[in-house]
Amino acid sequence: MRDTATFDLSRSLLAWYDRHARDLPWRVSPADRAAGVQPDPYRVWLSEVMLQQTTVAAVRDYFLRFTARWPDVRALAAAPDDQVMAEWAGLGYYARARNLLKCARAVVDQHDGRFPDSHDALLKLPGIGPYTAAAIAAIAFDRPETVLDGNVERVMARLHDIHDPLPKSKPLLKAKAAALTPDDRPGDHAQAVMDLGATICTPKSPACGICPLRDPCQARAAGTQADLPRKMPKAPKPTRRGHVYIAQRADGAILLERRPETGLLGGMLGFPGSDWAEDAAEAPPFPADWTLLPAEVRHTFTHFHLILRVWTATVPAKVSPEGLLVMPKHAFRPGDLPTAMRKAHDLWRGSSTSGKIPRAGLS
DNA sequence: GATCCGTGGAT
DNA sequence: TATCCAAGGAT
């Protein structure tokens, strides 16, 4: 039962969203939504998968490239795996790209090319968990589902001044979020809470002064907003080391490998090399006149730091070792590599801008 | 429940 | 420089 205060709070949030909703490539504005425009479930799904643990700024161009190249779920389902993995390169969490293809093909094969509109049916699809199922059901189909992501957790923890640490407090935060979800405009509501968390109720120095929930916010009243939500401490990251081997043939071709489907950087292209361990031994993939580059690659993954030594060699054009992929010079694009491998390439080519190199494809 | 799985921007 | 952390899911 939603009481009057909860009703008013939800209305305040929607009113704020009507005025401040961000213009995002995958979003139907509240005005257009009110005029009857329906979101495309394919675009909602694609954006939500890309946005898993990933910022809007990082996703935007990837979303535009994907939708330009594969405008609907049937086009994506028909795409070759390696092209999709290459297009995802640099965005991270590559299991998402593998599951993206599995999901697109399941939608085509089992649902006649149309995304199911219920939370339970969506949850059965690869790469769609509790959050994404609720987000698609709410945003694409305007079902009264409650989304619980990092933004909603933070907003609810502050609104109700909840001090129990995550993830133990998740059920309580979900209940608070559910109590706030309206039957009217649940899709806009879901986006409103997340927008609020992303732009006002931010992790550090939240802008309480301009927050539409300033008055009812209990953490604001108690002065605890900067300390919420509390989280369990994280384990420190160990450092691992490894060797990679970049061979270029006399005809310009580069020798690469397709990494195994599971595990780190699964399914992505990479240079052959050693295991990554505390103290990895050299492991040239075939005999050659390997030269060690005078600098190292440093890269940080989710749970460890990596220091990579990069060896290079020029080999005859006929060299084609078993298990390696001969990538012709004209077909090789560093942007198709995951970032750790792209850094090794950049170190070799001297284009070692530490920053990100914009990928080709748009405009 | 705990662990694995990327990346880049903000602080 | 080091840490946090982002529209999480699979195992």
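Values reported hereafter were calculated over all heavy atoms of this structure, with side chains retained and with hydrogens, waters and symmetry mates removed. Order of the sequence lines fixes the chain letters, A, B, ..., with proteins taken first and strands second; residue numbering starts at 1 for each chain.
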Gap between atoms CG and C1', on D149(A) and dA6(C) respectively (whole Å): 9 Å
On a whole-Å scale, what distance lies between the C1' atoms belonging to dG6(B) and dA6(C)? 12 Å
Rounded to the Å, how far apart are E145(A) CD and dA7(C) C1'? 16 Å
When you check the gap from the basic side-chain N to the acidic O, do R185(A) and D188(A) get nearer than 4.0 Å? yes
Taking only N and O in the side chain of H299(A), is any of them less than 4.0 Å away from OP1 or OP2 of dG6(B)? no
For the pair made of CE in M194(A) and C1' in dA6(C), what is the distance, rounded to whole Å? 12 Å
Between L123(A) and N151(A), whichever has its closest DNA chain C nucleotide further toward 5' is N151(A)
Touch check for R298(A), heavy atoms < 4.0 angstrom, all strands: base, sugar-phosphate only, or nothing? nothing
Base, sugar-phosphate, or nothing for R154(A), non-hydrogen atoms under 4.0 angstrom? sugar-phosphate
Do any pairs count as a salt bridge (Lys or Arg N to Asp or Glu O under 4.0 Å) and have a residue in residues 73-83 of chain A, sequence neighbours left out, and if so which ones? R74(A)-D112(A), D81(A)-R105(A)
Examine F63(A) together with F66(A) and report whether their ring centres are nearer than 6.0 Å. no
Any heavy-atom pair between the side chains of V297(A) and V310(A) that's under 4.5 Å? yes
Do you see a donor-acceptor pair shorter than 3.5 Å between the side chains of Q52(A) and Y131(A)? no
Is it the case that atom NZ in K237(A) sees more than 12 heavy atoms from other parts of the structure closer than 6.0 Å? yes
Write down the distance separating the C1' atoms in dG8(C) and dG1(B), rounded off to the nearest Å. 16 Å
Separation of atom CZ in F304(A) from atom P in dT3(B), rounded to whole Å: 16 Å
Please state whether the phosphate of dT7(B), meaning OP1 or OP2, lies under 4.0 angstrom from any side-chain nitrogen or oxygen of T339(A). yes
Taking side chain as C-beta onward, heavy atoms only, is P186(A) less than 4.5 Å from E145(A)? no
Around atom CZ of R22(A), are there more than 12 heavy atoms of other residues, nucleotides or ligands at under 6.0 Å? yes
Per the atom types in the model, does the base of dG6(B) pair as donor or acceptor with the side chain of Y93(A) at under 3.5 Å? yes
Ignoring the backbone of Y131(A), work out which of dG9(C), dG8(B), dG6(B) is nearest its side chain. dG9(C)
For nucleotides dC5(C) and dC5(B), find the distance between their C1' atoms and express it as a whole number of Å. 15 Å
Closest to the P130(A) side chain, choosing from dG6(B), dA7(C), dG9(C): dG9(C)
To the nearest Å, give me how far apart NE2 (H305(A)) and P (dG6(B)) are. 16 Å
Distance flag, aromatic centroids of H303(A) and F301(A), threshold under 6.0 Å: no
So does R96(A) reach the base of dA7(C) with its side chain, donor to acceptor, closer than 3.5 Å? no
Which part of the nucleic acid, if any, lies within contact of P338(A), taking any heavy atom under 4.0 Å across all strands shown: a base, the sugar-phosphate backbone alone, or nothing? sugar-phosphate
Same-atom distance (P) from dG8(B) to dG9(C), integer angstrom: 22 Å
At less than 4.0 Å, is any side-chain N or O atom of S205(A) found next to OP1 or OP2 of dT11(B)? Yes or no. no
From the set dC4(C), dT7(B), dA7(C), return the single nucleotide nearest to any side-chain atom of Y94(A). dT7(B)
Watson-Crick or G-U pairs under 3.5 Å in DNA chain C, rendered as dot-bracket with [ ] for crossing pairs and | for another strand: .|||||.||||
Using the side-chain heavy atoms of K204(A), tell me which of these nucleotides is nearest: dC5(B), dT11(B), dG8(C). dT11(B)
If the threshold is 4.0 Å, N to carboxylate O, is there a salt bridge linking D23(A) and R27(A)? no
Do V319(A) and L324(A) belong together in a cluster built from hydrophobic side chains that touch within less than 4.5 Å? yes
Please work out if L100(A) contacts a base, only the sugar-phosphate, or nothing of the nucleic acid, heavy-atom cut-off 4.0 Å. nothing
Round to a whole Å and report the spacing from CD1 of I128(A) to C1' of dA7(C). 14 Å
Can you sort out which residues in residues 47-55 of chain A have a heavy atom within less than 4.0 Å of DNA chain B? Ascending by number, please. Q53(A), T54(A)
From CZ of R240(A) over to P of dG6(B), roughly how many Å is that when rounded to an integer? 12 Å
Answer yes or no: does a side-chain N or O of H303(A) lie under 4.0 Å from OP1 or OP2 of dC5(B)? yes
So does K231(A) get a side-chain nitrogen or oxygen closer than 4.0 Å to the phosphate oxygens (OP1/OP2) of dT3(C)? no
dA10(C), dG8(C), dC5(B): which one has an atom nearest the side-chain heavy atoms of N99(A)? dA10(C)
Partner of L269(A) under side-chain contact (heavy atoms from CB on, under 4.5 Å), picked from R342(A), R259(A), R258(A), is R258(A)
Measure from NZ on K237(A) to P on dT3(C) and round the result to the nearest Å. 9 Å
